[in-house]
A.B. asks: 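First the structure, then my questions, so here it is.
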Amino acid sequence: MLKKVLIANRGEIACRIIRTCRRLGVATVAVYSDADRDALHVELADEAVHIGPSPAAESYLRSEKIIEAALKTGADAIHPGYGFLSENPGFAEAVAAAGLRFIGPPAEAIRAMGLKDAAKALMEEAGVPVVPGYHGIEQDADFLASEAERIGFPVLIKARAGGGGKGMRRVESAAAFKEALASAQREALAAFGDASCLVEKYITHPRHIEIQVFGDDHGNVVHLFERDCSAQRRHQKVIEEAPAPGMPEEMRHAMGEAAVRAAEAIDYSGAGTIEFIADASEGLKADRFWFMEMNTRLQVEHPVTEAVTGIDLVEWQLRVASGEPLPKGQEELSIDGWAFEARLYAEDAERGFLPATGTLSHLALPGGVARVDSGVRAGDHISPFYDPMIAKVITHGSDRATALSRLSTALEEVRATGLTTNAAFLCRLTKQADFVAGNPDTGLIDRHLTELTMAREASPEIIALAALELSGVLESKIPKDPWTALSGFRLWSEASDFVELEHRGRHVPVSFHSKGQGSYRFTVEGRDIELRLSGSKWAYDLEFDGRRHPAEVIRDGNGVTVFQNGESWHFGLIDPLAAEDEAAAGGDRILAPMPGLVKLLRAVPGAAVSRGETLAVMEAMKMELSLSAPRDGTIAEVLIAEGEQVLEGAVLLTLEAASPPPLA
Ligand code: ADP
Ligand code: ADP
Ligand code: MG
């Protein structure tokens, strides 16, 4: 067995790898950037080496720095995790050249699967069904248009060097083809430095089903069954499960065999995933799945496979890298029950899934039967530099319904404050009728986007609870001296008060008075309600309409977040003076709604702009956002330049003060 492993990654996956190393008695070395100085993976590892500034290009992507750190600490192998350098054949070679073991497949296998067109050609040769389409080298627009015609619309244009869902365009008709091609090529060139594209038949009613494969250095290859990753948004996985619902045994067998054939064709060793697309328009059929691509690394969603097979895939990776044969043969592997994984992110589903950054002032992740893989803890900062993942929540059960209801419950238990998360979106998805029925397809989330992301109004009772917390009334419940603690005398003290809350940019006036025994009468935005409150510290029961409604409140700084049934609402307390300043300035400044890169800037001082006109385009992680003029006016200052990285809330542009309305 390896003695010491350096993990060339960060966040949850670094922590997850460290956990298995520790269990196997393998020492660990973490690497970290400036932003990650106090990160959890650094704390968990036996040793840690600083490798550079926060941007990934200057730290986690610096192969020479990472190899140097491994040599300096006496590590014998490097685990690349996922993302970053994990699918970089040059890195795999450099690691080997330095006399270290790369925990992953041989560089040639990574290279063979690195470009989607070459990979498809190779798979065709190996007898693996590939998506019908054109994946040759010819890139002439007229030629590709005629190929699209031949394949038949709709088609999907893909960047051959693509990944993370980038550089893809679905095209419905010949008329729209060339423009879509040009835009896919532009995006591909910018993201991957390679404009080449392939054209595929767009599979209707598509399901993304992938097979986990594993190989060793002794010529053995097995598969560990499938994962269904059809719940996607913008070609990105949201919730994954294993096995795939409605999968006929015959199809599972055919897919497993095809995946093993694919891996054998490139002398694969280590963990890998063969991604297939299936046409589910008439249910899953053994002759209706096609190879899409291979990911030559450990996948984000590997825990669902671990849950149903009982195998620690990282342990297998370490064993294979140590030269051991695969611990199990194909006939010793089987599926036990059902598993789900949900990706919990710091992002704002209501606002188009903008990545959110900030400090996780409070974080409590589900306990109980859920497995939670996380790389952050309360007090940590989610920076704009990396993937804003907070945790993966994984549940297992004897059947799909049990595993799914455990996932819903676990997601309802997520308590994160300080920034916006996608917990409510995920929780709603676990209850969405088609998803519950086991009919996921890659368009499901988009079709139901409104119900999955729409802001839910806070009830007057939730607002009332926030008002009580922010007015300080509830604090008197925590007795300050032993006498009151003993007698409980001051509990639910008589009080009446008026507070003005800030909620979603709105002022919400609330007045209340206590009637004793935890009963209160409120006026919330002019509406009268009564409720009785019981409970402790942060977990309350709101009693009204003859029923108890549990809710939790978490205080952070000047605000409070109320959690109920998987939803949450944040409230601030209005400071009247600050509020006026803000209102006056509001319409005159254009702020960055998220941290990211200013990709395009169309503003010059003195220029007249009209309301709604696009002034800048920002890019962060995997999305683009246009910023438009909030009103007609004249640009006063431009405070940023194209290509600049900015923090959330940074002032990008200002407009000249609006002239007062003419006197009548
Ligand atoms: P998976 O199928 O395992 O989700 P992806 O390639 O989509 O594989 O993503 C794996 C990880 O790689 C992501 O969670 C992220 O950390 C990183 N990643 C992939 N694509 C991008 C991208 N375009 N920008 C930033 N990070 C990315
Ligand atoms: P990436 O490298 O970005 O992960 P993939 O080729 O794996 O690219 O495709 C990403 C997603 O796009 C798939 O999971 C699937 O939802 C969708 N997709 C890809 N190819 C097709 C196709 N031919 N027809 C329909 N959907 C597709
Ligand atoms: Mg993919």
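Just follow the structure's listing: the first ligand is 1, and inside any ligand the first atom is 1.
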A.B. asks: Heavy-atom contacts with Val131 under 4.0 Å: which atoms of ligand 2 show up? List them by number with element.
C.D. replies: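 So the answer, numbered in order with elements, is 23 (N).
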A.B. asks: Using a strict cut-off of 4.0 Å, indicate which atoms of ligand 2 neighbour a heavy atom of Lys201.
C.D. replies: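 Under 4.0 Å from Lys201, ligand 2 has these atoms: 22 (C), 23 (N), 24 (N).
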A.B. asks: Any atoms of ligand 2 less than 4.0 Å from a non-hydrogen atom of His235? List them with their elements.
C.D. replies: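 Near His235, meaning under 4.0 Å from one of its heavy atoms, ligand 2 has 11 (C), 12 (O), 17 (C).
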A.B. asks: Per the salt bridge (Lys or Arg N to Asp or Glu O under 4.0 Å) rule, what does the pair list look like for residues 253-273, sequence neighbours excluded?
C.D. replies: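 Listed once each, the pairs would be none.
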A.B. asks: Salt bridge check, Arg16 against Glu306: does any charged N sit closer than 4.0 Å to a carboxylate O?
C.D. replies: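 Salt bridge: yes.
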A.B. asks: Tell me which N, O or S atom from Glu293 is the closest to the Mg ion (ligand 3).
C.D. replies: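 The nearest such atom is OE2.
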A.B. asks: For the 3.5 Å polar cut-off, considering only N or O atoms, please tell me whether Glu275 and ligand 2 meet it.
C.D. replies: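 Indeed, backbone or side chain, Glu275 has an N or O that close.
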A.B. asks: Consider ligand 2: state whether an atom of it lies below 4.0 angstrom from any non-hydrogen atom of Met168.
C.D. replies: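 So Met168 counts as touching ligand 2.
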A.B. asks: Any nitrogen or oxygen of Gly165, side chain or backbone, less than 3.5 Å from one on ligand 2?
C.D. replies: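 N/O-N/O distance below 3.5 Å exists for this pair.
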A.B. asks: For Lys116, state whether at least one heavy atom is located under 4.0 Å from any atom of ligand 2.
C.D. replies: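 Yes, Lys116 has heavy atoms under 4.0 Å from ligand 2.
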A.B. asks: Hey, which atoms in ligand 2 end up nearer than 4.0 Å to a heavy atom of Gln232?
C.D. replies: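 So the answer, numbered in order with elements, is 11 (C), 13 (C), 14 (O), 15 (C), 16 (O).
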A.B. asks: Side-chain atoms of residues 169-177: list all donor-acceptor pairs with protein atoms under 3.5 Å, sequence neighbours left out, distances to 0.1 Å.
C.D. replies:
unit_1	atom_1	unit_2	atom_2	d
Arg169	NE	Ser183	OG	2.7
Arg169	NH1	Glu187	OE1	3.3
Arg169	NH2	Ser183	OG	3.0
Arg169	NH2	Glu187	OE1	2.8
Arg170	NE	Glu172	OE2	2.5
Arg170	NH2	Glu172	OE2	3.1

A.B. asks: Quick check: Ile203 and ligand 2, any N/O pair under 3.5 Å apart?
C.D. replies: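 Yes, Ile203 has an N/O under 3.5 Å of an N/O on ligand 2.
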A.B. asks: Please assess Gln299 against Tyr82 for the test side-chain contact (heavy atoms from CB on, under 4.5 Å), listing each intermediate value before the final yes or no.
C.D. replies: CA-CA 7 Å; Gln299 204 94 338; Tyr82 56 69; over 6 Å; no
A.B. asks: Taking 4.0 angstrom as the limit and counting only heavy atoms of Gly163, give me the atoms of ligand 2 inside it, by number and element.
C.D. replies: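 Selected atoms, number and element: 1 (P), 2 (O), 3 (O).
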A.B. asks: Just jot down the ligand 2 atoms closer than 4.0 angstrom to any heavy atom of Ile277, in number order.
C.D. replies: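 Close to Ile277: 15 (C), 18 (N), 21 (C), 25 (C), 26 (N), 27 (C).
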A.B. asks: Check all N, O or S atoms of Glu275 and name the one closest to the Mg ion (ligand 3).
C.D. replies: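 Considering only N, O and S atoms, Glu275 comes nearest to the Mg ion (ligand 3) through OE1.
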A.B. asks: Are any of the N/O atoms in Thr442 less than 3.5 Å from those in ligand 2?
C.D. replies: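 No - when backbone and side-chain N and O of Thr442 are compared with those of ligand 2, no distance drops under 3.5 Å.
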A.B. asks: If you measure from the Lys or Arg side-chain nitrogens to the Asp or Glu carboxylate oxygens, is any gap between Glu301 and Lys392 under 4.0 Å?
C.D. replies: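 No, no charged N to carboxylate O under 4.0 Å.
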A.B. asks: Can you tell which of Val221, Leu333, Val320, Val260 makes a side-chain contact (heavy atoms from CB on, under 4.5 Å) with Phe214?
C.D. replies: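 In the set Val221, Leu333, Val320, Val260, the residue that makes a side-chain contact (heavy atoms from CB on, under 4.5 Å) with Phe214 is Val320.
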